[in-house]
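Data first, discussion second: the structure below is written as structure tokens.
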There are 2 protein chains.
Amino acid sequence: MEISPRVQSFVFHFGEMGSRWGFNRTVGQMYALLVVTERPLSATELAETLNISRGNVSMGMKELQSWRLVQVSHIPGDRKEYYRVTGSIWDMANTIFEERKKREVDPTLSLLRDNLLEEPKDKEEAFAFEKMQEIHDLLEMLTQWSGELQRLSPEKLSTLMKLGAGVSKMLSMKDQLFTKNSQPTSDS
Amino acid sequence: MEISPRVQSFVFHFGEMGSRWGFNRTVGQMYALLVVTERPLSATELAETLNISRGNVSMGMKELQSWRLVQVSHIPGDRKEYYRVTGSIWDMANTIFEERKKREVDPTLSLLRDNLLEEPKDKEEAFAFEKMQEIHDLLEMLTQWSGELQRLSPEKLSTLMKLGAGVSKMLSMKDQLFTKNSQPTSDS
DNA sequence: TTAAACTTTCAGAAATTTCTGAAACATGTA
DNA sequence: TACATGTTTCAGAAATTTCTGAAAGTTTAA
């Protein structure tokens with residue numbers, strides 16, 4: 001399969017950047033190519049288009065499937081496996097966030113929780129524990145919040161984003177608002 | 001300088017994780033150690049405590065300074081340079097977000113902008129462009145939003161987070177609210 | 001100017017990650 | 001069974017990243 005220069009530049013760029021987002025260059029390229037191609041692609045097509053080995057594609061697809069970013073599909077009368085991305089761009093972003101959290105934040109959170117169970121032994125440790133507690137709280141906040149955002153529909157999220165600086169204004173009116181309607185927030 | 005086992009486990013863990021957050025293992029360790037230590041540390045102390053070379057510390061400090069996560073400070077009558085973290089844990093998270101955005105999102109955004117200037121040549125390219133446009137819009141949204149959040153004070157942000165599921169409820173009342181008070185949102 | 005005390009640089013060693021390609025494996029068909 | 005058409009695995013090659021440590025650089029003081 002040949003691809004146009006501008007699409008190619010995107011695919012390659014995504015490869016370079018992809019490594020920052022948790023997968024390596026070729027996996028990034030494979031994913032980008034699948035995103036911008038309407039029809040599902042076979043492993044061989046991926047390998048030939050990107051000039052990478054067949055084996056590498058196999059491993060890459062396995063990884064992308066483990067991230068739930070790619071699905072296998074079949075074409076009637078064809079024994080090959082064809083790959084395509086799952087869901088929308090929005091789903092992609094959501095999934096990447098979620099998976100990264102699982103791999104990067106959660107382990108830190110549980111380590112901090114464990115470490116903070118006991119009491120600090122001296123002044124130095126007390127200071128360290130304070131900082132670790134702060135990081136723990138921050139990460140927990142982020143975790144909780146990202147959960148909320150993921151439950152929000154894209155439309156609502158878009159509204160929230162467009163609101164922009166208005167968020168601040170809105171917050172200052174929040175108490176007033178919720179008191180008026182006597183609707184408590186659903187705190188955990 | 002010797003550090004307690006639990007603090008050490010945090011420092012090492014942060015090293016492993018740090019590589020995910022944009023810096024390598026030893027830089028992550030150096031930063032973690034500075035975070036949990038109250039007094040500023042010299043390069044030699046860092047090197048000895050972490051068992052890494054003096055040269056590596058020098059490079060690491062340069063990098064952390066370029067991230068604006070670490071500052072140099074001096075002790076009167078001492079020619080050594082001492083390092084300490086800048087700002088609070090909250091500032092740290094903010095800075096890391098901002099720097100990562102600069103390095104990871106912005107280049108993609110400008111590549112997409114450039115690529116999308118011209119018209120697609122055929123049906124395949126049209127589909128690809130559509131997807132690229134969606135990614136572009138998503139990234140731009142994130143960019144705009146993260147800007148907003150950064151301008152928000154930690155207290156307000158905390159309120160917003162605690163609000164949790166309430167955000168959704170609040171949004172549905174937003175129009176009503178702003179109409180009542182005839183206060184338009186400051187859209188860009 | 002020399003020396004002492006410190007920092008930075010960078011070539012190349014070491015460690016780690018990624019990728020290839022051949023062999024093993026799987027599955028359907030004749 | 002033998003074969004055709006696929007996929008997966010994995011040892012080790014290749015590429016990349018990180019780290020060391022010795023040499024060069026900087027600054028202050030006498």
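Protein chains get the first letters and strands the later ones, always in sequence-line order, with residue 1 at the start of each.
Note on the helix from dT1(C)-dA30(D) to dA30(C)-dT1(D): terminal axis deviation equals 0°, with five pairs used at each end and the result rounded to 10°.
By the side-chain contact (heavy atoms from CB on, under 4.5 Å) test, Val85(B) is found to be paired with Tyr31(B), Leu34(B), Val35(B), residues two or more places apart in sequence or in another chain being considered. Partners of Gln71(B) by side-chain contact (heavy atoms from CB on, under 4.5 Å), not counting sequence neighbours, listed by chain and number: Arg84(B), Thr86(B). The salt bridge (Lys or Arg N to Asp or Glu O under 4.0 Å) check on Arg6(B) picks up Glu125(A), with sequence neighbours excluded. Listed by chain and residue number, nothing satisfies the side-chain contact (heavy atoms from CB on, under 4.5 Å) test with Ser110(B) (two or more places apart in sequence, or in another chain). Applying the salt bridge (Lys or Arg N to Asp or Glu O under 4.0 Å) criterion to Asp91(B), with sequence neighbours excluded, gives no partner residue. The side chain to side chain donor-acceptor pair (under 3.5 Å) test applied to Thr108(B) returns His13(A), not counting sequence neighbours. Asn24(B) is linked by a side-chain contact (heavy atoms from CB on, under 4.5 Å) to Thr26(B), Val27(B), counting only residues two or more places apart in sequence or in another chain.
Between Thr37(A) and Met1(A) the shortest heavy-atom distance is OG1-CE, 4.0 Å. Listed here is the closest heavy atom pair of Met30(A) and Ile52(A): CE-CD1, 3.6 Å.
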Identify each atom pair where a protein N or O and an N or O of nucleotides 24-28 of chain C are less than 3.5 Å apart, giving names and distance.
unit_1	atom_1	unit_2	atom_2	d
dT27(C)	O2	Arg79(A)	NH2	3.1

Using a cutoff of under 3.5 Å, can you pull out all pairs of nitrogen or oxygen atoms linking the protein to nucleotides 8-13 of chain C, with atom names and distances?
unit_1	atom_1	unit_2	atom_2	d
dT8(C)	OP2	Ser58(B)	OG	3.0
dT9(C)	OP2	Lys62(B)	NZ	2.9

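Glu48(B) places its CD atom 12 Å from the P atom of dC6(C), with the value rounded to the nearest Å. A straight line from NE2 of His74(B) to C1' of dT7(C) spans 11 Å, rounded to a whole angstrom. Atom CG in Asp78(A) sits roughly 15 Å away from atom C1' in dT29(C) (whole-Å rounding). Per the geometry, NZ belonging to Lys80(A) stands 7 Å off P belonging to dT7(D), to the nearest Å. What separates CD of Glu45(A) from C1' of dT7(D) is a distance of 16 Å, to the nearest Å.
For the side-chain contact (heavy atoms from CB on, under 4.5 Å) criterion with Leu109(A), the lone passing option out of Leu142(A), Thr143(A), Asp114(A) is Thr143(A).
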How far apart are the C-alpha atoms of Ile135(A) and Phe10(B), what are their side-chain angles, what is the distance that settles it, and do they pass the side chain to side chain contact (heavy atoms under 4.5 Å, CB included) test? CA-CA 11 Å; Ile135(A) 294 176; Phe10(B) 168 73; 3.8 Å; yes
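In this structure, Arg103(A) forms a cation-pi arrangement with Trp67(A), its terminal cationic atom sitting closer than 6.0 Å to the ring centre and no more than 45° off the ring axis.
The salt bridge (charged side-chain N to carboxylate O under 4.0 Å, His left out) contacts involving residues 45-70 of chain B comprise Arg39(B)-Glu45(B), Arg68(B)-Glu98(B), Arg68(B)-Glu99(B), where partners must be two or more places apart or lie in separate chains.
Within a heavy-atom distance below 4.0 Å of DNA chain D, no residue of residues 11-33 of chain A is found.
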